[in-house]
Amino acid sequence: MMEGINAKYVSQKISKTRWRPVSSSSLQQPDIFATGSWDNEDNKISIWSIGENGISGVDDEFEGDPQLVCEHKHNGDVLDLQFLDQDRIVTASSTGAVIIFRHHHNSQTLSVSQLWERAHHYPCDNAPCTGIVCNSPEIVTVGEDGRIILFRADQEGVLRTIENADSSTIHDVTFLRTTEILTVNSIGQLKIWDFRQQGNEPSQILSLTGDRVPLHCVDRHPNQQHIVATGGQDGMLCIWDVRQGNMPFSLMEAHSAEMWEVHFHPSNPDHLFSCSEDGSLLHWETSSNSDTPSFLQGGRNTSIVSRSAIAPAGGNQSLISSWLTGDSCKGRLETTHMLPSQTLSVNSLDVLGQCLVCGTDGEAIYVNRRVPI
Amino acid sequence: MEEVDVEPTTTPIPGFDSNQKHLGFVWGPGDILVYETIYKASGGSAGGCPFVHEVRKDEDIYSPILRKLFNESHHIFVGLQRIREDLPSKNKKPQFVSISKNYRSVIRACMEELQQVAVSTQDAALATQYGNQVSILLAVELIWNLCEVLFIDAAPAGSLVLHLLDWVRLHKADVDEKAREVLASESPAEHQAYWDVVISYVLQGRMDEARQVLVKQAALQPAARVMFKLLDNLLMKMPIFNPGETQTLTEFDVKWRHWREEVDHCLQDQSFASNRHLEDICKILVGDEDVLLEYKELLSTWYHFLVTRLLFSHPTVKPTELHYYAQSSMHMFLDTRSVPEPLDSILLAAFEFDIHQVIKDCSIALNNWWFVGHLTDLLDHCKLLQSHNLHFGSNLREFLLLEYASGLFTHHSLWQLAVDYFDHCPEFGRVYLELQIERVPLDTERKALKVIRICEQRQMTEQVRSICKIMAKKALRNNRLGSALSWSIRAKDAAFATLISERFLQDYCAKGTFSDLDLIDNLGPAMLLSDRLTFLGKYREFHRLYGEKRFSDAAKLLLSLMTAKIAPHSFWMTLLTDALPLLEQKEVIFSADQTHELMFCLEELTSGKSVPTPDRPMQDEDIETTKIELLRLALARNLAMAIVKEGTVEV
């Protein structure tokens with residue numbers, strides 16, 4: 001689990017990391033990932049490789065040390081980064097721009113392929129673009145200006161803008177269906193938008209009753225389109241069923257500070273990963289025998305046990321959250337700390353196959369090639 | 001003020017001629033802002049240049065490779081602070097030594113990377129700069145290593161020399177390179193550097209390697225076989241102190257003296273007279289200083305000379321005796337004319353166990369506080385620093401860490417590391433952090449969130465409030481009322497929440513509809529943050545109830561808004577006007593009591609407006625009076641109907 005997870009210091013605070021997608025037919029593990037930096041005078045996006053041609057051998061620690069392949073200057077902080085396809089990367093900038101970079105494989109360089117300069121903006125100031133989701137060739141972006149914009153790669157103009165979709169900042173967006181997206185904002189609401197409808201109103205709004213805690217990240221279950229996980233400022237992980245009203249399906253205490261990203265594992269959705277400002281990266285794993293993972297069983301039969309394989313130095317290990325009723329436990333949810341010790345904020349993570357990559361404010365990248373799933 | 005030990009460096013400002021104009025300046029946290037004044041050097045004034053120059057002392061934090069040093073050492077620093085205080089010191093020593101080694105390996109890794117880049121770069125100026133950084137890091141690691149040996153590991157007599165030997169070997173790696181070259185050649189024994197290699201090995205106390213190389217020569221000269229065998233024997237038998245064994249220092253000393261006598265005997269016997277090199281080796285083995293000095297080039301540094309001297313003359317030297325040998329070695333080795341370099345005086349101070357002098361000299365010689373800060377912190381944890389207070393109140397460790405962290409804070413990105421350093425400065429750290437954290441520029445919400453989280457974790461409520469206010473103002477300026485509200489909620493800032501509600505209500509009065517309904521409809525408990533916000537939420541609820549045709553509920557709510565004094569007075573007119581359609585309904589909605597209360601409210605409102613003010617236009621007056629009259633009429637009619645309805649008895 002934690003063997004061979006070493007820090008690679010890269011002299012830039014990493015805001016986003018993403019694996020390059022591998023074709024679903026091949027059984028290969030991913031070997032290329034992209035990172036974006038933030039809070040630098042000159043920000044960059046970089047492409048790294050953990051291919052087998054590194055210093056490999058018996059010693060596991062040196063195998064797969066990420067090597068820089070190429071990089072490119074980026075104007076503004078990289079607030080989100082997604083691979084559009086094998087060659088193109090879309091980034092969201094703090095200047096409000098949305099940029100498509102092309103990775104040229106033969107020359108191993110990056111170049112700007114398309115740029116929408118002030119996609120997100122205020123009348124006079126810049127409004128950062130905060131989130132991107134792609135479904136090639138369509139790109140949906142959201143920003144601090146409360147706009148939702150639909151682009152098409154290779155087309156100059158904007159396909160559609162939903163003006164004033166939100167009076168607060170939209171932090172993240174995900175596709176529910178090909179024509180439906182779900183956004184989360186800083187007053188704790190999930191809004192579903194249907195592109196088939198004209199007009200600027202969401203088709204559904206969900207939120208927690210109680211304190212309106214800003215939500216920072218959202219991810220949809222890979223197989224079941226109505227299940228999403230969200231994480232917010234208080235570090236709580238919520239699982240929602242969007243078909244059912246206003247209550248999340250389960251609420252779990254996860255982190256002691258903002259949760260920045262949450263991801264279902266794309267091929268093994270019984271596994272969930274979350275990372276946070278408090279410097280921890282958690283791996284959630286259900287071990288129920290039933291078909292639906294236990295955190296989808298309405299929380300009645302769930303007890304959460306925290307197990308950290310190497311205790312973080314001085315970190316808080318107990319994540320016990322008591323849950324209702326006296327029904328016998330049919331499923332168990334286990335969480336594991338994936339980083340060896342307390343670090344500065346883990347801003348981003350991505351998981352594909354058996355490989356996990358994450359980036360921190362300590363200017364380090366961690367790669368784990370043997371995630372137990 | 002103390003005397004300056006070195007000449008201050010002059011930095012020319014581009015485009016500025018100091019003979020022409022006076023220069024003005026102001027200190028910043030890590031730099032100086034410099035500008036050209038209008039005052040001429042010769043008196044009088046003239047137009048000035050519009051540029052302001054920023055002069056930075058510390059270029060290192062902007063170097064991408066050195067940045068890794070700062071990040072990795074931060075990680076080690078934080079880990080060190082977390083070692084528990086209650087463990088007895090003797091258990092902690094291995095931990096401290098291992099932490100010291102961690103720091104050093106980080107320095108080495110950086111050095112190697114810098115070296116690679118220095119070699120591969122095309123730019124000559126850059127190569128020189130990298131080269132300089134490499135040599136500084138080399139010196140830094142050398143000093144740190146020595147401090148680790150002498151202070152942290154605190155090796156006693158016997159092991160001391162062994163540790164010093166390791167230290168010297170680590171910093172004189174060219175011997176192995178030369179050896180490889182020689183051994184790889186066709187005829188190693190005839191290589192011109194052959195004897196250099198052998199003697200270097202002997203000087204470093206690496207007898208086994210020396211013997212291996214000597215064998216090559218022995219093979220070439222079968223006639224001198226006996227001589228070579230004798231030397232080989234002597235080299236093999238040299239006693240080396242083994243701290244693990246049960247042998248005491250005294251026993252070792254006896255053995256060593258015995259061995260030395262044997263070597264001396266061979267010298268007296270002229271056994272090696274025929275081969276100058278072998279004789280030199282023998283003389284080295286007995287610690288002949290003149291011969292050692294002949295090999296100055298191979299030794300290359302006075303501290304190598306010192307350690308070799310100790311190895312062959314005083315292997316049981318005690319730590320307290322070191323300084324005497326160190327001083328004499330330096331004098332013997334260095335030219336009397338040459339001025340000792342800063343590095344030499346630092347090392348000498350270390351041999352004298354004068355920690356404070358070491359730290360002081362390093363502070364002067366290096367251009368940032370990284371090295372002294374971390375080293376002092378580690379030494380402080382080992383309880384090696386006497387806590388004497390400086391004039392400015394805090395102790396030495398804290399002073400250095402504060403200086404280091406303040407320097408970090410000026411960096412646009414590394415400021416986050418500085419926070420942890422401030423945390424571990426008990427006396428002034430918090431104050432420094434409070435002052436600095438407010439000045440971090442906030443371009444995006446995400447950065448503001450991180451800064452606020454840092455403040456919240458340390459209960460710096462003032463700073464949280466001020467940052468939230470800045471972000472809320474910014475949001476408000478861009479008409480992002482939802483964002484502004486979410487910031488006010490975070491700061492629990494009732495005043496600002498009131499401000500935002502006012503904006504909403506103004507918008508409503510102007511446009512007749514609410515903007516941002518998604519926000520107002522879903523306020524939840526946040527509504528209670530401010531009265532005005534509560535009113536806003538409830539008012540919107542009233543409109544919703546009216547829209548759903550739940551008139552009696554709407555009516556009750558409307559009334560409660562006024563009677564419970566949630567609604568601001570200025571809004572009462574609007575509320576009463578909203579009540580009109582309810583009053584005009586065919587069905588009686590307001591009961592008699594409720595109508596009485598409405599009338600009371602109306603009276604309260606109109607009593608304050610008795611005197612018509614001259615500057616209000618006549619039209620407004622008319623509209624006002626008409627409205628009031630309409631209301632009075634509607635209320636009266638409703639009252640009548642209500643009384644009738646309530647008085648009616650169903651038969």
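Note on naming: letters A, B, ... go to the chains in the order of the sequence lines (proteins, then strands), and numbering restarts at 1 for each one.
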Selection from B:Glu445, B:His74, B:Lys474, B:Glu456 maximising heavy-atom pairs under 4.5 Å formed with chain A: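 Of B:Glu445, B:His74, B:Lys474, B:Glu456, B:Glu445 has the most heavy-atom pairs under 4.5 Å with chain A.
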Side-chain heavy atoms of [X] within contact of [Y], under 4.5 Å:
X	Y	value
B:Leu417	A:Leu344	yes
B:Arg477	A:Asp125	yes
B:Thr444	A:Asp77	yes

Can you tell me how far the [atom1] atom of [X] sits from the [atom2] atom of [Y], to the nearest 0.5 Å?
X	Y	atom1	atom2	answer
B:Asn71	A:Gln12	CG	CD	11.0 Å
A:Ser94	B:Arg446	OG	CZ	11.0 Å
B:Asp443	A:Asn126	CG	CG	9.5 Å
A:Asn43	B:Ser413	CG	OG	8.0 Å
B:Leu66	A:Ser11	CG	OG	9.0 Å

NZ/B:Lys538: more than 12 non-hydrogen atoms of other groups inside 6.0 Å: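 Counting other residues, nucleotides and ligands, NZ of B:Lys538 stays at 12 neighbours or fewer.
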Enclosure of B:Arg544 CZ (heavy-atom neighbours >12, cutoff 6.0 Å): yes
[X] portion near chain A, given a 4.5 angstrom heavy-atom threshold:
X	result
B:Trp415	side chain
B:Leu449	both
B:Asp420	side chain
B:His412	both

Side chains of B:Lys450 and A:Asn347, donor plus acceptor under 3.5 Å: yes
Lys/Arg-Asp/Glu bridge criterion (N-O < 4.0 Å) met for A:Glu363, B:Lys68: no
Salt bridge present between B:Arg490 and A:Glu258 (N-O < 4.0 angstrom):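 Judged by the 4.0 Å cut-off on N to carboxylate O distance, B:Arg490 and A:Glu258 do form a salt bridge.
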Where the side chain of [X] meets the backbone of [Y], is there a donor-acceptor pair that is under 3.5 Å apart?
X	Y	value
A:Ser168	B:Ser483	no
B:Arg453	A:Gln233	yes
B:Arg480	A:Asp166	yes

For [X], is it the side chain, the backbone, both, or neither that has a heavy atom closer than 4.5 Å to a heavy atom of chain B?
X	result
A:Asn40	both
A:Glu144	both
A:Ser256	backbone

Selection from [options] maximising heavy-atom pairs under 4.5 Å formed with chain B:
options	result
A:Thr169, A:Ile205, A:Val213	A:Thr169
A:Thr130, A:Leu208, A:Asp145, A:Asp278	A:Asp145
A:Ser15, A:Gly76, A:Ser186, A:Ser345	A:Ser186

